[in-house]
Protein chains: 2
Amino acid sequence: MPPFSADDRDILAETSLFQDLPPEELAQLRASARPVHRPRGGYFFMQGDPLERMYLLVTGRIKITQLGPDGQQILLRALGPGSLFGVVVLTQAKECPVTAEALEDSTALSWTRADLMDCAQRCPTFALNALQVMAAHAQEFQERFRQLATERVERRLAHTLLRLASQAGRKLPEGVLIDLPLTRQELGEMAGTTQYTVSRLLTQWESQGLIYAGRERIIIRHPHGLVSLAEG
Amino acid sequence: MPPFSADDRDILAETSLFQDLPPEELAQLRASARPVHRPRGGYFFMQGDPLERMYLLVTGRIKITQLGPDGQQILLRALGPGSLFGVVVLTQAKECPVTAEALEDSTALSWTRADLMDCAQRCPTFALNALQVMAAHAQEFQERFRQLATERVERRLAHTLLRLASQAGRKLPEGVLIDLPLTRQELGEMAGTTQYTVSRLLTQWESQGLIYAGRERIIIRHPHGLVSLAEG
DNA sequence: TGCCATTATTGCGCTGGCGCAAAGCAAAAA
DNA sequence: TTTTTGCTTTGCGCCAGCGCAATAATGGCA
């Protein structure tokens with residue numbers, strides 16, 4: 001039985017990288033996709049590995065981290081189903097610049113660089129889609145760079161929660177659940193601060209009724225309240 | 001007389017975006033290039049403008065800045081001849097996300113989105129080159145984001161000077177001149193700190209003989225000294 | 001049910017770096 | 001030359017946020 005067969009069609013068609021491709025290319029990509037599974041704590045790839053595959057997350061959650069020369073880690077992105085990662089394989093880079101770790105049991109489809117490059121050669125639409133994806137990354141990090149350089153911790157954390165909610169938010173009766181099991185430490189790594197400061201801010205916001213803060217679980221009760229914190 | 005005719009050939013051929021293109025595409029791009037001049041302080045484009053053109057700097061220096069919602073500015077990049085800017089026009093973004101201002105009298109070649117998109121449609125090599133350029137941006141900002149999030153000001157400023165030297169360094173007998181007229185304020189905007197802290201650090205490094213710090217002019221006397229500051 | 005490993009909270013002291021304000025300088029303009 | 005303008009330096013006070021250390025909560029697991 002082909003893995004993920006029930007969802008293959010949908011998930012490729014819903015991914016921006018694969019938009020507007022001719023049917024034969026899409027079919028080819030479906031055929032060359034290889035399923036990969038990782039248990040909680042497992043790695044899809046690690047920083048420094050030879051760069052070989054691009055992934056599309058089908059089920060589970062993962063985090064993308066980067067390690068500095070002195071071992072300081074930051075969390076660049078936390079992703080749920082439908083997200084691409086390892087897109088950098090579309091370039092001539094040789095090593096993974098980041099690590100992809102499963103936050104829970106996860107499955108992904110993966111493609112080799114060769115398969116993708118062939119497709120890009122044949123099909124300009126694919127190459128242009130890839131360009132969009134890259135450009136979106138570049139802009140996101142420019143933006144986050146500016147925030148980190150110019151804004152105070154409180155605002156940055158508010159922005160971080162809002163971004164997470166928009167990427168992995170799940171509507172609940174009480175509010176929007178950030179559907180990713182992130183610790184205070186990890187939130188700190190995303191917002192550019194420490195676990196302690198994150199904890200203090202979340203506690204404060206909870207006492208104001210803005211959010212619910214649980215263990216690896218945050219529900220935003222009043223998004224507009226956070227927005228006004230984030231924007232001033 | 002066609003402007004820049006003496007340099008056109010060289011400058012396109014030396015630009016990574018135009019590498020390995022078939023001669024007819026290159027000729028087409030040469031033909032569709034439009035020269036643009038801006039005096040010191042002039043703008044090639046401003047944040048929020050409709051996104052229309054990509055530029056290749058031929059002479060002069062420019063800076064790329066981004067403005068936050070509260071008017072806090074940061075300096076994303078400072079560029080010299082041979083640098084591309086406005087590459088984001090290759091995507092479907094509608095507004096300029098940044099501002100490009102001439103630090104001195106500058107001339108550039110420019111292309112419309114339509115010209116470039118046509119080229120990308122016809123020529124996969126061009127689209128893949130564009131992908132490389134975007135990916136390089138994305139990685140650079142991921143990297144700088146990490147530095148900003150995890151490193152102290154001293155290190156970040158050292159990194160900033162080294163990066164500037166590698167991008168716009170000119171060898172002099174006394175050391176490597178950073179060939180860009182940047183104020184302390186602007187260096188601060190790049191490194192994520194204030195003009196005051198930049199001034200204090202530069203003074204300190206000058207007294208240690210690591211650099212020469214003049215008005216809008218810095219010469220790195222001992223690159224390895226800065227490197228050891230930057231890396232720890 | 002109770003145990004254990006993680007994760008989260010919070011009091012406390014400390015300091016890196018911010019930012020005002022004033023003075024000093026250098027280059028360009030008049 | 002003098003003036004003007006913009007850049008740079010530096011003293012000083014201050015506080016946001018860091019990070020240790022101790023404690024408490026939570027959830028998985030036997």
Side-chain angles (χ1 to χ4, degrees), chain A residues 39-41 63 70-75 78 101 103-105 147-158 160-161 178 180-208 211-219 229 232, chain B residues 39-41 63 70-75 78 101 103-105 147-158 160-161 178 180-208 211-219 229 232:
Chain A
R40 172 172 223 231
K63 65 173 181 179
D70 301 352
Q72 337 86 312
Q73 192 176 75
I74 58 159
L75 205 169
E101 178 185 342
L103 291 170
E104 29 181 88
D105 282 26
Q147 285 177 10
L148 198 51
T150 62
E151 294 176 0
R152 313 235 133 189
V153 169
E154 183 177 59
R155 279 190 171 202
R156 298 202 309 261
L157 185 61
T160 303
L161 293 188
I178 292 177
L180 293 164
L182 297 173
T183 65
R184 304 288 181 268
Q185 167 72 37
E186 287 168 326
L187 287 171
E189 286 174 16
M190 291 198 91
T193 183
T194 64
Q195 47 183 324
Y196 311 108
T197 299
V198 170
S199 176
R200 287 186 256 264
L201 284 170
L202 293 186
T203 302
Q204 181 189 325
W205 292 344
E206 182 164 41
S207 76
Q208 293 166 10
I211 62 171
Y212 162 81
R215 186 191 172 98
E216 298 187 350
R217 184 181 162 83
I218 289 171
I219 295 173
L229 273 177
Chain B
R40 170 169 223 223
K63 64 173 181 178
D70 301 352
Q72 336 88 314
Q73 192 175 75
I74 58 158
L75 204 168
E101 178 185 342
L103 292 169
E104 28 182 87
D105 280 28
Q147 286 177 9
L148 198 51
T150 62
E151 294 176 358
R152 312 233 140 199
V153 169
E154 184 178 57
R155 279 190 169 200
R156 299 202 308 261
L157 185 60
T160 303
L161 293 188
I178 292 178
L180 293 163
L182 296 173
T183 65
R184 304 288 180 267
Q185 166 73 34
E186 288 168 325
L187 288 171
E189 286 174 15
M190 290 198 93
T193 183
T194 62
Q195 49 182 325
Y196 311 109
T197 300
V198 170
S199 177
R200 287 185 257 263
L201 284 171
L202 294 186
T203 302
Q204 181 189 326
W205 292 345
E206 181 164 43
S207 76
Q208 293 167 9
I211 63 171
Y212 163 81
R215 185 192 172 95
E216 298 187 352
R217 183 182 163 85
I218 289 172
I219 297 174
L229 273 176

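Chain letters run A, B, ... following the sequence lines, proteins first, then strands; residues in each count from 1.
- Computed from coordinates, the Gln185(B) CD to dC18(C) P distance equals 12 Å when rounded to whole Å.
- We find that CD of Gln204(A) is positioned 11 Å from P of dT10(C), with the value rounded to whole Å.
- Of the residues near DNA chain D, Arg40(B) and Thr197(B), the one whose nearest nucleotide (by heavy atom distance) lies more toward the 5' end is Arg40(B).
- Counting any heavy atom pair closer than 4.0 Å across all strands shown, Gln195(A) reaches no nucleic acid atom.
- Taking the nucleotide of DNA chain C with the nearest heavy atom to each of Gly214(A) and Glu154(B), the more 5' of the two is matched to Gly214(A).
- If you measure from atom CH2 of Trp205(B) to atom P of dT9(D), you get 13 Å, rounded to the nearest angstrom.
- The side-chain heavy atoms of Thr203(A) and Glu206(A), taken from C-beta on, include no pair separated by under 4.5 Å.
- Put simply, Thr194(A) has a side-chain N or O that comes within less than 4.0 Å of OP1 or OP2 on dC18(D).
- The backbone N or O of Pro39(A) lies less than 3.5 Å from no partner atom in the side chain of Asp105(A), so there is not a single donor-acceptor pair.
- Here dA24(D) presents its C1' atom at 14 Å from CZ of Arg184(A), a figure rounded to the nearest Å.
- You'll find that the side chain of Arg200(B) is closest to dC12(D), out of dC12(D), dC12(C), dT7(C).
- Per the geometry, CD belonging to Glu186(A) stands 11 Å off C1' belonging to dT7(C), to the nearest Å.
- At a threshold of 4.0 angstrom between heavy atoms, the contacts of Thr203(A) are confined to the sugar-phosphate backbone, with no base atom among them.
- Checking dA21(D), dA8(C), dA21(C) against the side-chain heavy atoms of Tyr196(A) singles out dA21(D) as nearest.
- Contact annotation: the side chain of Glu186(A) never approaches that of Leu180(A) to less than 4.5 Å [non-hydrogen atoms, C-beta and beyond].
- With hydrogens and angles ignored, no donor-acceptor pair under 3.5 angstrom links the side chain of Arg152(B) to the base of dG17(D).
- Side-chain contact between Ile218(A) and Leu187(A) is present, with at least one heavy-atom pair separated by less than 4.5 Å.
- The separation between Arg215(B) atom CZ and dT5(D) atom P is 14 Å, rounded to whole Å.
- Between Leu182(A) atom CG and dT7(C) atom P the separation is 12 Å, expressed in whole Å.
- The interatomic distance linking Glu206(A) (CD) with dA25(D) (C1') rounds to 13 Å, in whole Å.
- Taking the nucleotide of DNA chain C with the nearest heavy atom to each of Arg156(B) and Glu216(A), the more 5' of the two is matched to Glu216(A).
- Distances shorter than 4.0 Å separate none of the side-chain N or O atoms of Thr183(B) from OP1 or OP2 on dG6(D).
- Within the 3.5 Å criterion, the main-chain N or O of Glu151(A) finds a donor-acceptor partner in the side chain of Arg156(A).
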